Amino acid sequence: MKYSPQKIERKWQKIWERKKIYKTKDVQKKSKFYCLDMFPYPSGAGLHVGHLRGYIATDVISRMKMMQGFNVLHPMGWDAFGLPAENYAIQHKIHPEVAVRRNIKNFKKQLSKIGFTYDWEREINTTDPTYYKWTQWIFLQLFKAGLVYESFEPINWCPSCKTGLANEDLERGRCERCGSRVEKRPLRQWVIKITKYADRLLKDLKYLNWPEHIVKMQKDWIGKSEGVEFEMKVFKGKRELKEKIKIFTTRIDTVFGMTYVVLAPENKILEKIKDKIENWKEIEKYKKEVEAKLVEEREKEKTGIKIKGILAENPFNKEKVPIFVSEYVLADYATGSVMGVPAHDKRDFEFAKKFNLPIRKVIEGGQKEGECYEGEGILVNSGEFSGLNSTQAKEKMAQWLKERKIGGKKVYYKIRDWVFARQRYWGEPFPLVFCENCKKKILEGKYKKGEFNKGELLNPGWICVPEKELPVKLPKVKYYEPTGTGESPLAKIEKWVKTKCPKCGFVARRETNTMPQWAGSCWYYLRYIDPKNKRELISKKKEKYWMPVDLYVGGVEHATRHLIYARFWHKFLYDIGVISTKEPFLRLRSVGVILGPDGRKMSKRYGNVVNPDDVCKKLGADSLRVYEMFMGPFDQEITWQERGVVGARRFLEKIWKLKSKIVNCKLQIDKRKEILKILHQTIKKVTEDIETFKFNTAISQLMVCANRIEKEEKIEKEIFENYLKLLAPFAPHIAEEIWQILGHKKSIFLSPWPKWNKKLVKEEMITLIIQVNGKVRDKIEVEASVSEEKAKELAFSSEKIKKWIEGKEIKKVVFVPGKLINLVV
RNA sequence: GCCCGGGUGGCGGAAUUAGAAGACGCGUGCGACUCAAAAUCGCAUGGGGUUUAACCCCUUGAGGGUGCAAGUCCCUCCCCGGGCACCA
């Protein structure tokens, strides 16, 4: 009989489904394994082979764990809110809801052909009201805890997507999604105080078994800076103003080198002191110019303007220095103002040169003439602090400021609060309404204690929708295109917007922004555990059993977005007692991108997309699976080559043929020993390599083993069965088919994973390498336990070796047991 | 600019604690089977010497170093990929 994957694959997929062998049970006894993929956006383009790489890997591991006796949870679902789904809908003039339904159907169909172990009874969809009810619920808890605030500050606005964006959604000043240049635009926004969790998000990284580079990316993104903050007095002539300029620096040791101060154009202090500024009109003009610039443009230059008429006083030496406004100071980091120390900061150096400002050296550290020196060293020209080294000076100066109550140690983070609202249709509605009456009450202080929660007091007028009224359903609309006005399309649906205040019953209006794509993916891994729970987000018992996720697999592109947001929400849920774990994802592995056959990113635009359906049809799902795991290191980017799938298919053909050699009796003893040895070596290598994500070498070992077995006339049934089990996670259909042909009634995946015998794995005989001066000159078959004496004897008696050492003095002999002997002459 | 990865045959890639460089696969060549082709099977396959053979030399981006021994460790440089980029 010929190997015909088209027939057997469909057959087994149906049987597995019917017999529900992958149904996850919430039994609490067995050891559990929660194996999770980052769930896909069901885009209209469908899946390509690149998407599958991670899914196949988790499937391989899930199958092995299953056979090892673990209770495995390996679910799948859909991250279906957000821009990709919405843009697709707009482009094709279909309602997003319809498009999503259609796309999910297509994705599911595609996935069903690969032979995954998903338990579809736990399927989730972020756009399902029974799901987003809980997304809204979590938001409400954040709101009530005072972690959400309404802001009107200028934020990043994508003119093409017509929505505000979070810092995380930018790439070099461009929209991460569409590549448009982002503008700063004042907009009413909901912002979540993720910065409150910055320190914990940083510290707890040490508990995680994550790839180092991803940990580092998160550290850099959170960007903790420890320094000193202090106040500078501001003078107009001899008169001191009541406003003070706050400076944050990580290099207080260079403070005596300050020759000027720079403020961000958006710094609020400017407005406060504008009547003291002689050239206010000029400053105002400059401010407008800078604000009109795109984020990207601001990064290139160091334009600036001097504020005339006022000076700032350095508290350390009472020196009065000029004040500038420049675009190189960021308004939304630290105090929005910096001290200019051109001798010891490259940016200040550049600026000082441009504006002809004095450059004063205060750190001695072997710098070059005419350049700035950013390293640490010994303080000079620094009054009482001269002679200290940078580290000592930092301590003493912070103390000095603290004693005078004008400053002290301070920590800032690079991570910004999370801009959480989008002016788009396809997202979760906010469970908030705005009530003028309640606003008045709060502002006038005429309310009872406990009448309003922390969030409501923080955002006067905004009232929480009661939890029992959740979900606030996204209304069906005719027109869902973004408006571009800063309002979401929902604002136009008067019937939906107009409502009653749940608190006082007055006329109120619903919040019309929607949540960003990331919201739904922040907690989806919890929903898989308890997908049908209507009473609570998750049952405590189930959470305790299944959490944390034991293995999480997905692309690196989520390192500073989804993976930070999800950790943040998880920690919050922990804080309010909903869950018992501090971190959601214990072990993380990132999957490398598969490039098209032309070496470019797989994309419709390049016409290089490989559809798994075609590969399955032509060569079979098992071949596809084996190839994807064999093609190279899992986390590495790699080019798709159809030839490679053909190679995988040939390997499976070989296995298929091997079954005709199976016999029920035992082999001759020496042969049996040899075959058993390679089998047990293979059990060891495959088991360990799957565990450590070295799928390519696991398969290579399976090939080596098959090549050896193939040489025999006969194969012992038991040996072959063990081999099949090792192959099964990679090529489940063919393994199951042969398993059945061999007479088994139950699925191979219900049989136990083989264990290796330490004694059998060990080589008894080895090839002893004989080197002369480090070069291989002879090889001899010996027992692995060969002694140094014996090895020497063998080396000296070798004819080949004699040739090399003849007439020479042996200076040294190096013996590595079980490996080699090196004669140095 | 700063911080991470990485550079191994024609190609994808193996190589434990430094211990036979090139496992496994692809491709290619030759042969078998065949009327023929495909598929399949067998053999060969880093480069260069060489009288068949035996054997020798060179070879892991470049150069230097440490070691009996270096793809692996150290220094200098080149190239490729990624992250961050006025974060004070």
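Naming convention: chains lettered A, B, ... in sequence-line order (proteins, then strands); numbering from 1 in each chain. Computed from a predicted structure; not experimentally measured.
- Of the candidate nucleotides C84(B), C24(B), A20(B), A20(B) has the atom nearest to the side chain of Val776(A).
- When the C1' atom of C84(B) is taken as reference, atom CD1 of Ile564(A) falls 13 Å away, rounded to whole Å.
- Among the protein residues, Gly647(A) comes within range of the sugar-phosphate backbone only, with heavy atoms under 4.0 Å from sugar or phosphate atoms but none that close to a base.
- The nearest heavy atom of RNA chain B to Lys216(A) and to Gly336(A) marks one nucleotide each, and the one closer to the 5' end goes with Lys216(A).
- Listed pair Lys694(A) / G13(B) fails the phosphate criterion, with no side-chain N or O lying under 4.0 Å from OP1 or OP2.
- Rounded to the nearest Å, the gap between the C1' atom of U8(B) and that of G46(B) is 10 Å.
- For Ser700(A), the listed nucleotide lying nearest its side chain is C24(B); candidates were A14(B), C24(B), C57(B).
- Straight-line distance from the CZ atom of Phe248(A) to the P atom of C86(B): 17 Å, rounded to whole Å.
- Side-chain proximity of Met217(A) to the nucleotides C84(B), C26(B), G83(B) is greatest for G83(B).
- Using a 4.0 Å heavy-atom criterion, one finds that Lys779(A) contacts the bases of the nucleic acid, with or without backbone contacts as well.
- In this entry A20(B) has no Watson-Crick or G-U wobble partner, no candidate having both defining distances under 3.5 Å.
- The phosphate of G25(B) has neither OP1 nor OP2 within less than 4.0 Å of any side-chain N or O from Arg649(A).
- Minimum atom distance to the side chain of Thr697(A) is reached by A15(B), of the listed G13(B), G25(B), A15(B).
- Atom name P, nucleotides G81(B) and G12(B): the rounded distance is 15 Å, in whole Å.
- In this structure, Lys409(A) places its NZ atom where only 12 or fewer heavy-atom neighbours from other residues, nucleotides or ligands lie under 6.0 Å away.
- When heavy atoms are screened at a 4.0 angstrom cut-off, Trp640(A) is found touching no nucleic acid atom at all.
- The CD atom of Glu229(A) sits 8.5 Å away from the CD atom of Glu231(A) when rounded to the nearest 0.5 Å.
- One interatomic measurement links the two molecules: CZ of Phe651(A) to C1' of C26(B), which rounds to 15 Å at whole-angstrom precision.
- Atom CG in Asp689(A) sits roughly 11 Å away from atom P in A14(B) (whole-Å rounding).
- In this pair, Tyr565(A) and Trp418(A) present their aromatic rings parallel. The plane angle is below 30°, not in the 30 to 60° band.
- As a whole-Å value, the separation of Lys657(A) NZ from U40(B) P is 7 Å.
- Here the straight-line distance linking atom CZ of Phe230(A) with atom CE of Met397(A) works out to 9.5 Å at 0.5 Å rounding.
- Comparing A14(B), G1(B), G25(B) by their nearest atom to the side chain of Pro633(A) picks out A14(B).
- A32(B) and G10(B) are spaced 29 Å apart, taking the P atom of each and rounding to whole Å.
- Across all strands, Lys414(A) comes closer than 4.0 Å to base atoms (heavy-atom distances).
- Comparing C4(B) with G9(B), their C1' atoms are spaced 29 Å from each other, to the whole Å.
- Relative to the side chain of Val824(A), the nucleotides A20(B), C68(B), C26(B) differ in distance, and C68(B) lies closest.
- A sub-4.0 Å separation between OP1 or OP2 of C55(B) and a side-chain N or O of Lys800(A) is present.
- With a cut-off of 3.5 Å on both Watson-Crick or G-U wobble distances, the partner of C55(B) is given as G49(B).
- For Val816(A), the side-chain atoms get nearest to G19(B) when compared with the rest of C86(B), G13(B), G19(B).
- Look at CE on Met703(A): it is 15 Å from P on G13(B), rounded to the nearest Å.
- Annotated as syn: G67(B), whose glycosidic dihedral is within 90° of 0.
- Checked against the 6.0 Å centroid threshold, Phe355(A) and Tyr260(A) do not count as a close aromatic pair.
- The side chain of Asn707(A) lies closest to C24(B) when the candidates are C24(B), A20(B), C26(B).
- A sub-4.0 Å separation between OP1 or OP2 of G27(B) and a side-chain N or O of Arg643(A) is present.
- Projected onto RNA chain B by closest heavy-atom contact, Lys224(A) and Met631(A) fall at different nucleotides, the more 5' of which corresponds to Met631(A).
- In this structure, Glu688(A) pairs ionically with Lys684(A), as a charged nitrogen and a carboxylate oxygen lie closer than 4.0 Å.
- Using a 4.0 Å heavy-atom cutoff across all strands shown, Lys302(A) reaches at least one base atom of the nucleic acid.
- Residue contacts shown for Gln636(A) are limited to sugar-phosphate atoms, with no base heavy atom under 4.0 Å away.
- In this entry the base of G25(B) is anti relative to its sugar, with a glycosidic angle more than 90° from 0.
- Taking the six-membered ring for Trp and the full ring otherwise, Phe651(A) and Phe630(A) have centroids separated by 6.0 Å or more.
- One can place OH of Tyr333(A) at 14 Å from C1' of C84(B), the figure rounded to the nearest angstrom.
- Distances from the side chain of Val814(A) to the nucleotides A20(B), G19(B), U40(B) place G19(B) closest.
- Remark: the separation of the P atoms in A54(B) and G5(B) is 45 Å, to the nearest Å.
- Taking atom P on both nucleotides, U59(B) is separated from G47(B) by 16 Å, rounded to a whole Å.
- Pairing for A14(B) is absent, with no Watson-Crick or G-U wobble pair whose two atom distances lie under 3.5 Å.
- With both ends at atom C1', the span from U17(B) to C24(B) equals 24 Å, rounded to whole Å.
- Contact check for Leu588(A) versus Leu208(A): no side-chain heavy atoms found under the 4.5 Å cut-off.
- Remark: G63(B) base-pairs with C75(B); criterion is Watson-Crick or G-U wobble with both hydrogen-bond distances under 3.5 Å.
- The CD-C1' distance, from Glu637(A) to G13(B), rounds to 16 Å in whole Å.
- Under the Watson-Crick or G-U wobble criterion, with both distances below 3.5 Å, C84(B) is paired with G1(B).
- Using a 4.0 Å heavy-atom criterion, one finds that Asp332(A) contacts no nucleic acid atom at all.
- Checked against the 6.0 Å centroid criterion, the rings of Phe693(A) and Phe695(A) qualify as a close aromatic pair.
- At least one side-chain nitrogen or oxygen of Arg650(A) sits closer than 4.0 Å to the OP1 or OP2 atom of U40(B).
- Comment: Lys346(A) does not engage Glu350(A) in a salt bridge, judged by the lack of any side-chain N to carboxylate O separation of less than 4.0 angstrom.
- As judged by a 4.0 angstrom heavy-atom cut-off over every strand, Val329(A) is placed among the base-contacting residues.
- Contacts of Asn822(A) with the nucleic acid, taken as non-hydrogen atoms under 4.0 Å apart, include base atoms.
- Ser337(A) comes within 4.0 angstrom of nothing in the nucleic acid, heavy atoms only.
- Residue Ile247(A) is classed as having no contact, given no heavy-atom separation below 4.0 Å to the nucleic acid.
- Using Watson-Crick or G-U wobble geometry with both donor-acceptor distances under 3.5 Å, G42(B) finds its partner in C30(B).
- Spacing of P atoms, U28(B) relative to A18(B), comes out at 40 Å, to the nearest Å.
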